[in-house]
Amino acid sequence: RLAAAASGGDVSLLDGAKAVSSALRDVLQAGAAMADDPNDENRQRLAMAFAALQAVSAALQATAAGQMTDHASRALLL
């Protein structure tokens with residue numbers, strides 16, 4: 001909320017932060033599954049979760065920098 005207020009009330013930053021939080025949770029869950037049972041399925045799940053985290057992090061950074069302002073671009077990455 002503070003980030004949104006600091007950016008002039010841009011609520012999209014909140015959505016981006018929620019997406020990053022969710023992606024991070026998925027990475028942690030996939031990492032735990034990989035630690036419990038290091039098989040190819042869990043390895044692939046971890047790689048996909050990490051790629052998703054990178055994508056939503058990039059989208060949030062671009063939105064915060066004012067480089068991605070249209071809804072369609074944000075929806076594509078988030």
Side-chain angles (χ1 to χ4, degrees):
R1 291 182 185 176
L2 292 176
S7 69
D10 187 359
V11 180
S12 64
L13 290 177
L14 292 175
D15 294 337
K18 289 177 186 176
V20 169
S21 174
S22 176
L24 184 56
R25 183 194 68 231
D26 292 345
V27 167
L28 293 173
Q29 288 175 344
M34 183 70 179
D36 290 342
D37 186 10
N39 60 36
D40 287 338
E41 182 180 334
N42 286 337
R43 188 173 293 118
Q44 184 178 16
R45 180 179 167 206
L46 181 59
M48 289 174 53
F50 187 69
L53 176 61
Q54 289 177 315
V56 296
S57 294
L60 178 60
Q61 289 174 348
T63 300
Q67 296 172 348
M68 188 183 332
T69 58
D70 64 295
H71 177 69
S73 297
R74 283 193 305 267
L76 181 64
L77 286 173
L78 298 178

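Residue numbers start at 1 and run along the sequence shown.
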Check your understanding: Is the count of non-hydrogen atoms from other residues, nucleotides or ligands lying under 6.0 Å from Q54 atom CD greater than 12?
Key ->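 Atom CD in Q54 is crowded, with more than 12 foreign heavy atoms closer than 6.0 Å.
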
Practice item. Can you measure from CG (D40) to CZ (R45) and round to the nearest 0.5 angstrom? Key: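 One finds 14.5 Å between CG of D40 and CZ of R45.
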
Report all side-chain donor-acceptor pairs from residues 18-34 shorter than 3.5 Å, counting only partners two or more places apart or in another chain.
residue : atom : partner : partner atom : Å
S22     : OG   : R25     : NH2          : 3.4

